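Structure first, then comments.
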Amino acid sequence: MSTPLKDYRNIGIAAHIDAGKTTVTERILFYTGISHKIGEVHEGEAIMDWMAQEQERGITITSAATTCFWKDYQINIIDTPGHVDFTIEVERSLRVLDGMIGVFSGVDGVQPQSETVWRQANRYKVPRIIFVNKLDRVGADLDKVVKDIRTKLGANVIPMQIQVGNAENFHGLIDILTRKMATFSGEKGSEVTWSDPPAEYKDKIEKLRTQIIEAACDFDSELEERYLDGKELSIQEVKKALRKGVINLKVVPAYGGTAFKNKGVQLLLDGVIDYLPSPLDVPPMEGIVPGTDKVENVSADINAPFYALAFKIVTDPFVGMLTYIRVYSGKLDAGSYVFDVRTGSKERVSRILKMHSNKREEIKTAHAGDICAVVGIKDVTTGDTLYGDKNKPLLLESITIPNPVISTSIEPNKKADYEKMVLSLKKMMQEDPSFQFTYDKEIGQTVIRGMGELHLEIIVDRLKREHKLDLTQGKLQVAYKETMKKPIEVEGKYIKQSGGRGQYGHVWIKIEPLGRGSDFEFINAIKGGAIPREFISGVEKGIKEALTSGVIAGFPVVDCKVTLFDGSYHDVDSSELAFKIAGSMAFKSGMNQASPVLLEPVMKVVVETPEENMGDVMGDLNSRRGRISGMENDGTKQEITAEVPLGEMFGYATDLRSMTKGRASYSMEFECYREVPKNVQDAIAEKK
């Protein structure tokens with residue numbers, strides 16, 4: 001192993017769409033010598049945006065991994081998408097990373113998707129540092145963004161730098177700890193020159209330097225004592241103490257610059273080395289012994305048994321199926337075998353690849369701390385735990401997969417292409433678990449479901465381009481759900497007598513509503529053998545089948561608890577099938593009596609609009625059944641936050657453009673499921 005584990009940094013770059021994540025990554029690759037030419041996003045040449053759809057739209061769709069070296073440290077980077085439709089890519093990347101760079105626009109500060117990413121990083125307890133980008137733009141202000149992050153995200157942000165000059169006059173960064181100013185020259189800003197800062201910054205430097213030192217003292221009592229005694233602290237001591245605070249999620253250092261104008265990225269890389277953790281610094285991953293509640297630690301040790309998490313699956317046209325893994329402990333050799341906890345299957349890893357976006361470099365061994373891709377594993381899904389010793393299975397924490405909120409029907413224009421289409425959809429579903437597809441018998445078409453319009457647009461585009469399918473797409477549909485409002489006890493009886501052996505199944509069930517997002521719970525409360533144990537699974541299967549199509553408009557039923565508490569059976573005529581039908585009949589009958597309601601996905605919509613268009617924008621949101629939840633004025637524009645049903649948001653981009661002459665913009669993300677008003681429910685049911 002060439003790089004010691006303490007010199008590894010597994011980091012992600014995440015932010016709101018258009019804050020400049022990919023541009024930052026491109027500069028990192030250039031300065032670390034991985035690429036010799038900087039690829040620009042707006043020219044469709046960014047190395048990390050390798051898909052045709054990414055290059056055309058100038059956005060990141062799929063998270064891409066790469067490895068680079070800075071001052072003898074190995075940095076494994078994952079560049080993630082900023083668009084909310086591809087939130088699964090951020091989710092699964094954060095799950096396997098040790099640290100994160102949060103990129104914020106120097107002009108816009110905290111934007112809706114940066115809040116979402118921040119919450120995801122909080123959930124996975126990922127230490128982070130901040131890069132305030134685009135400081136060369138009019139209105140960009142490092143101090144203002146730091147304040148914004150403190151207020152809106154509740155983060156203890158500590159600026160490590162001061163910007164020198166504003167807008168096009170932005171030309172340098174003062175390192176507060178060393179009291180020196182960096183300016184950037186040479187090809188693509190690759191030469192960093194250090195000098196004394198202008199005299200007018202002296203007071204600000206000392207004030208902020210005191211803040212940094214006091215923050216560092218919070219994490220080292222010995223340092224605090226010496227500081228209070230008036231002794232001088234070395235820069236290395238301050239950095240070491242501050243690093244503890246970053247790793248414990250108590251403090252977030254902030255850096256600034258402009259990636260596009262090649263200023264500040266090298267200093268950000270120094271910050272990654274100084275403050276973000278190595279695999280040895282983060283708490284050990286916990287694994288559960290399958291079938292028990294016993295928890296064991298998985299330590300980042302090369303000599304320990306092999307454990308890894310499969311966090312992404314990609315179909316590569318040259319090598320077949322690639323499984324991206326994060327190795328948590330032990331080592332993996334090419335040609336060796338691994339086991340999958342979920343399936344129990346034994347799989348041979350034929351090759352191990354170090355990925356550089358969509359290019360591959362073959363390696364012989366992967367160690368603890370590595371992020372790489374393996375070839376040869378066939379039956380694997382996102383979130384599976386892979387392990388090396390057959391007798392020591394452990395289940396690592398999986399990945400949260402969001403539910404789709406929008407759907408559309410697709411069908412091939414040639415009947416002969418149907419099987420090819422299904423095969424392609426299965427591959428895509430394996431790659432992206434937030435995408436689903438089913439065959440709807442009622443309309444006789446294949447229905448695809450995703451996280452938003454753009455998500456489905458990309459899926460259909462890929463089916464046409466990569467899989468060479470000629471398709472027709474139906475209208476976009478909202479993924480409604482059904483539930484009930486009151487509890488009910490109901491009987492289900494299925495008796496069929498026809499010469500010979502008959503069918504007999506008889507159940508009593510109680511149906512109760514659960515809180516939003518609870519999905520479904522089945523309780524077996526049979527006492528005294530009223531229904532034999534072998535038939536109870538049949539009742540559960542029947543109810544689960546009935547859940548797929550509700551009584552209002554045939555949408556899936558969620559957020560309910562079903563308790564099987566009584567029933568009867570016949571010695572000869574009872575069977576699992578009879579009880580399955582009885583369970584299904586009881587549930588459908590009960591749903592009709594339990595005040596069924598329709599639920600719709602509600603989106604958090606944030607609109608940025610000029611002041612003079614504010615009235616029109618708010619009026620339009622209200623007409624879409626929107627609830628305004630907040631307004632904020634930053635002097636140049638008004639930011640309106642609202643909760644709007646997804647069904648009312650189709651075509652909003654065009655309407656907003658014409659309403660504001662193209663001057664407003666908006667972003668949208670899933671908020672929750674909420675009950676549909678009675679008049680709207682009746683209209684949807686009638687349409688169905």
Side-chain angles (χ1 to χ4, degrees), residues 9-16 18-43 45-49 60 64-80 82 99-107 128-137 140 142 145-146 159-165 168 170-178 180-194 252-276 356-357:
R9 298 289 182 272
N10 287 321
I11 66 164
I13 297 181
H16 184 88
D18 227 18
K21 295 174 305 302
T22 302
T23 307
V24 170
T25 313
E26 293 299 317
R27 297 312 186 268
I28 288 174
L29 298 183
F30 178 76
Y31 297 133
T32 56
I34 292 294
S35 61
H36 302 292
K37 171 182 176 286
I38 291 177
E40 300 296 3
V41 174
H42 61 274
E43 290 167 4
E45 290 181 352
I47 293 164
M48 301 301 271
D49 286 350
T60 303
T66 191
T67 298
C68 60
F69 293 86
W70 182 250
K71 297 182 177 174
D72 297 329
Y73 285 79
Q74 178 173 326
I75 305 176
N76 298 322
I77 303 172
I78 297 182
D79 173 33
T80 63
M100 179 183 107
I101 300 172
V103 179
F104 292 82
S105 159
V107 180
R128 62 214 86 150
I129 62 175
I130 282 164
F131 183 67
V132 179
N133 194 22
K134 304 186 178 184
L135 290 183
D136 59 316
R137 298 271 182 97
L142 178 58
V145 175
V146 165
M160 306 305 291
Q161 297 171 332
I162 298 168
Q163 73 180 82
V164 181
E168 67 269 18
F170 167 64
H171 63 279
L173 289 157
I174 298 168
D175 182 288
I176 296 164
L177 275 178
T178 61
K180 292 286 181 188
M181 182 174 81
T183 48
F184 306 86
S185 57
E187 196 210 343
K188 304 289 184 190
S190 49
E191 285 170 31
V192 183
T193 307
W194 293 96
V252 183
Y255 291 80
T258 162
F260 183 54
K261 296 281 177 70
N262 313 304
K263 293 181 175 73
V265 177
Q266 298 98 314
L267 310 187
L268 173 69
L269 279 168
D270 290 339
V272 168
I273 303 306
D274 287 339
Y275 301 112
L276 289 183
H356 180 52
S357 185

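Because the structure is a prediction, the values reported are computed rather than measured. All values below were derived from every heavy atom in this structure, side-chain atoms included, with hydrogens, water molecules and symmetry-related copies excluded. Residue numbers count from 1 along this sequence.
Qualifying side-chain hydrogen bond (donor to acceptor under 3.5 Å, both in side chains) partners for Gln163, counting only residues two or more places apart in sequence or in other chains: Asn166. Every residue two or more places apart in sequence or in another chain that forms a side chain to side chain contact (heavy atoms under 4.5 Å, CB included) with Val145 is listed here: Phe104, Val132, Ile149. Applying the side-chain hydrogen bond (donor to acceptor under 3.5 Å, both in side chains) test to Thr183 and every residue at least two apart in sequence or in another chain returns nothing. For the side chain to side chain contact (heavy atoms under 4.5 Å, CB included) test, residues two or more places apart in sequence or in another chain that qualify with Ala259 are Thr23, Val24, Arg27, Asn133, Val265. By the salt bridge (Lys or Arg N to Asp or Glu O under 4.0 Å) test, Asp136 pairs with Lys261, sequence neighbours left out. With sequence neighbours excluded, the residues satisfying side-chain hydrogen bond (donor to acceptor under 3.5 Å, both in side chains) with Arg128 are Asn122.
Judged by distance alone, with hydrogens and angles left aside, the side-chain atoms of Gln161 form no donor-acceptor pair with the main-chain N or O of Gly257 at under 3.5 Å. One N or O on the side chain of Thr32 and one on the backbone of Ile28 form a donor-acceptor pair closer than 3.5 Å.
How far NE2 of His171 is from CG of Leu135: 13.0 Å, rounded to the nearest 0.5 Å. Taking CD1 of Ile101 as the reference point, atom CG of Leu268 lies at 4.5 Å (rounded to 0.5 Å). Once rounded to the nearest 0.5 Å, the distance linking CG of Leu173 with CE of Met160 reads 12.5 Å. Expressed to the nearest 0.5 Å, how far NZ of Lys263 lies from OG1 of Thr258 amounts to 7.0 Å.
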Carefully, step by step, assess Phe131 and Val272 under the rule side-chain contact (heavy atoms from CB on, under 4.5 Å). CA-CA 11 Å; Phe131 183 67; Val272 168; over 6 Å; no
Run the side-chain contact (heavy atoms from CB on, under 4.5 Å) check on Lys71 and Ile273 step by step: do they pass? CA-CA 9 Å; Lys71 297 182 177 174; Ile273 303 306; 5.6 Å; no
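Smallest separation of non-hydrogen atoms from Val146 and Ala254: CG2-CB, 4.0 Å. Taking both residues in full, the closest heavy atoms of Ala140 and Lys134 are given as CB-O, 3.2 Å, listed atom of the first, atom of the second, then distance.
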